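Below is one structure, written out as structure tokens, with a few remarks after it.
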Amino acid sequence: MKGTVWSRKALELFGKYKYVLLVLLVGVLLLLFPSGEKEEGKTNAILTQESVSQFSREALEEKLKRTLSQVEGAGEVYVILTLKEGPKQVLAQEGSATETTRETAPVLASRGGGIQEPVTVQEMGPSYLGALVVAQGAGDPSVKLALTQAVSALTGLGADKISVCKGK
């Protein structure tokens with residue numbers, strides 16, 4: 001008798017909450033399947049500086065060219081930047097030390113789907129060595145000064161590292 005009472009109550013509850021149970025079941029199934037695609041042989045992927053960094057010297061030069069050409073009197077402008085160092089990332093490190101050796105390894109954080117990436121502590125932008133600006137209106141000292149100040153503000157270079165020349 002007790003078995004039939006319990007089974008009747010269970011069927012009653014199932015009928016009442018069948019949609020809730022169905023949603024829970026679908027949720028559990030989705031959690032069991034990994035999200036994202038794994039590349040073959042790359043379960044613990046460590047991203048390099050080149051793949052993480054979105055910096056492009058050519059893109060920055062083009063953007064400077066378009067922007068500096070808008071300076072009154074500048075005319076057509078060409079920009080060349082030289083880099084001392086590209087952008088860098090400082091990664092969190094964990095390690096152990098003995099009397100004779102010290103071993104360190106980057107701290108890894110899981111992104112899900114079996115992919116791990118290093119923890120970045122600090123990102124540093126590129127360090128510039130110098131800049132050359134060729135502008136049609138650079139013969140005018142006020143235009144030359146404005147171009148020098150603009151490049152200095154955007155790159156962090158001193159005026160002594162920026163050469164502004166008159167173009168054709």
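Everything numeric here is computed off the predicted structure, so don't read it as measured data. Counting begins at 1 with the first residue of the sequence.
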Got a second to check how far L154's CG is from K63's NZ, nearest 0.5 Å?
9.0 Å
Please name the pair of heavy atoms, one in A74 and one in A135, separated by the smallest distance, quoted to 0.1 Å.
O-CB, 3.7 Å
Report yes if some heavy atom in the side chain of C165 is under 4.5 Å from a heavy atom in the side chain of V133; otherwise report no.
no
Identify the two heavy atoms, one from L68 and one from A150, that lie closest to each other, and give their separation to 0.1 Å.
CD2-CB, 3.6 Å
So, the side chain of E61 versus the backbone of I80: is there a donor-acceptor pair under 3.5 Å, distance only?
no
Report, as yes or no, whether the 6.0 Å neighbourhood of atom CD on E58 holds more than 12 heavy atoms from other residues, nucleotides or ligands.
yes
I need the full list of side-chain hydrogen bond (donor to acceptor under 3.5 Å, both in side chains) pairs touching residues 157-168, with sequence neighbours left out, sorted by first then second residue.
none
Close side-chain approach of V134 and V77, heavy atoms under 4.5 Å:
no
Are L64 and V71 linked, directly or through other ILVMFWY residues, by side chains that come within less than 4.5 angstrom of each other?
yes
Does any non-hydrogen side-chain atom of L147 lie less than 4.5 Å from one of L145?
no
Looking only at atom types and distance, does a side-chain atom of T82 sit under 3.5 Å from a main-chain N or O of G130, one as donor and one as acceptor?
yes
Which atom of V164 lies closest to which atom of A138, heavy atoms considered:
CG1-CB, 3.8 Å
Going by heavy atoms in the side chains, are L83 and L129 under 4.5 Å from each other?
no
I would like to know whether L60 and Y128 meet side chain to side chain contact (heavy atoms under 4.5 Å, CB included); could you show each step before the answer?
CA-CA 12 Å; L60 180 60; Y128 298 99; 2.8 Å; yes
Side-chain donor or acceptor of S152 paired with backbone N/O of T148 under 3.5 Å
no
So, for Q70 and R66, which heavy atoms are closest and what is the spacing to 0.1 Å?
CG-O, 3.4 Å
